[in-house]
Chemist: 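Below are the structure tokens for one structure; questions will follow.
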Amino acid sequence: ELDRPLERHPPEEPQQGGPRILSSCERSVSHPERIVPDETEPGIVALHLKRYEFARPRCVDRDVLDAGCGVGYGTAYLAESARRVVGVDRDEDAIAYARDRYAAENVEFAVADLLALDRPDGEFDVVCAFEVIEHLSEPDRFLAEARRVLRADGELVLSTPQA
């Protein structure tokens with residue numbers, strides 16, 4: 001299953017008032033990209049954690065937004081060195097899993113639309129968005145939101161797969 005190429009899905013029409021993500025990343029037949037560490041081959045998890053390892057030094061003692069956090073394993077990893085991490089994802093089931101599995105004193109998980117974040121201006125020192133932007137119907141709007149919630153000296157750290 002992991003050796004076959006990812007299926008490409010045509011863009012979906014944005015739902016009225018709902019998140020504007022092209023496809024959920026849930027790890028299933030219809031959503032092959034969701035990484036759930038307890039259900040995923042360790043090598044695949046290690047590859048995904050490399051992005052968080054890259055970002056972690058930038059997050060030490062800082063307030064961090066993990067945009068598109070999925071089930072929260074990366075949020076928890078960043079929280080080991082960050083002052084505070086907020087993990088957001090549009091998938092309610094993923095956020096429920098994250099809250100159950102990765103709860104910590106300096107971690108918050110919330111359901112959110114990445115194109116209209118319900119967060120104050122300048123709340124974060126770092127915004128991380130790994131393997132997320134390619135799923136958004138309006139990536140420029142996400143970049144504007146990331147800029148809005150970042151402090152003046154903040155950093156956006158993101159990755160996207162090679163097409």
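Keep in mind the model is a prediction, meaning the values are calculated, not measured. The chain is numbered in sequence order, starting from 1.
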Chemist: Are there over 12 heavy-atom neighbours, none belonging to D118, within less than 6.0 Å of that residue's CG?
Modeler: no
Chemist: Please report the interatomic distance CG(L156) to CZ(F124), rounded to the nearest 0.5 Å.
Modeler: 13.0 Å
Chemist: A79 and V107: which non-hydrogen atoms are nearest, and at how many Å?
Modeler: CB-CG2, 3.3 Å
Chemist: Are the side chains of V149 and P120 in touch, meaning some heavy atoms are under 4.5 Å apart?
Modeler: no
Chemist: Would you say the side chains of E131 and T160 form a donor-acceptor pair under 3.5 Å?
Modeler: no
Chemist: Using 0.5 Å steps for rounding, measure from the CZ atom of R83 to the CG atom of D61.
Modeler: 6.5 Å
Chemist: For L117 versus A112, what's the shortest heavy-atom pair and its separation?
Modeler: CD2-CB, 4.3 Å
Chemist: Nearest 0.5 Å please: distance from the OG atom of S159 over to the CD1 atom of I133.
Modeler: 10.0 Å
Chemist: Is there a donor-acceptor contact under 3.5 Å from the side chain of D89 to the main chain of V71?
Modeler: no
Chemist: Would you say F54 ends up clustered with V126 if hydrophobic residues are merged whenever their side chains have heavy atoms under 4.5 Å apart, either directly or through other cluster members?
Modeler: yes
Chemist: Shortest non-hydrogen contact from C59 to C128?
Modeler: SG-SG, 4.4 Å
Chemist: Could you measure the distance from the OG1 atom of T75 to the CZ atom of F109? Nearest 0.5 Å is fine.
Modeler: 4.5 Å
Chemist: Could you tell me the separation between the CG atom of L158 and the CG atom of L143, rounded to the nearest 0.5 Å?
Modeler: 7.0 Å
Chemist: Check for a donor-acceptor pair, side chain of D66 on one end and backbone N or O of C69 on the other, with a separation under 3.5 Å.
Modeler: no
Chemist: Taking all non-hydrogen atoms of both residues, which atom of V157 and which atom of A55 are closest, and how far apart?
Modeler: CG1-CB, 4.1 Å
Chemist: Could you tell me whether E155 and R62 make a salt bridge, using a distance below 4.0 angstrom between a side-chain N and a carboxylate O?
Modeler: yes
Chemist: Verify the ring-centre separation between F130 and Y52: is it less than 6.0 angstrom?
Modeler: yes
Chemist: Would you check if the side chain of R151 reaches a backbone N or O of E123 as a donor-acceptor pair within less than 3.5 Å?
Modeler: yes
Chemist: For R99, give me all partners under side chain to side chain donor-acceptor pair (under 3.5 Å), at least two apart in sequence or on another chain.
Modeler: none
Chemist: Let's go through L115 and S137 carefully: what are the C-alpha distance in whole Å and the side-chain angles of both, what is the deciding distance for side-chain contact (heavy atoms from CB on, under 4.5 Å) to 0.1 Å, and is it a yes or a no?
Modeler: CA-CA 9 Å; L115 303 184; S137 62; 3.9 Å; yes
Chemist: Give, for atom CZ of R51 and atom CG of L78, the distance between the pair rounded to the nearest 0.5 Å.
Modeler: 13.5 Å
Chemist: Please name all residues satisfying side chain to side chain donor-acceptor pair (under 3.5 Å) with R56, sequence neighbours left out, ordered by chain then number.
Modeler: Y77, E80, S81
Chemist: Could you pull out all residues at least two apart from E145 that satisfy side chain to side chain donor-acceptor pair (under 3.5 Å)?
Modeler: R148
Chemist: Please tell me if the side chains of D125 and V64 come closer than 4.5 Å, counting only heavy atoms from C-beta onward.
Modeler: no
Chemist: Indicate yes or no: at least one non-hydrogen side-chain atom of L65 is less than 4.5 angstrom from one of V88.
Modeler: yes
Chemist: If I compare all heavy atoms of I95 with all of A110, which pair ends up nearest, and what's the gap?
Modeler: CD1-O, 3.5 Å
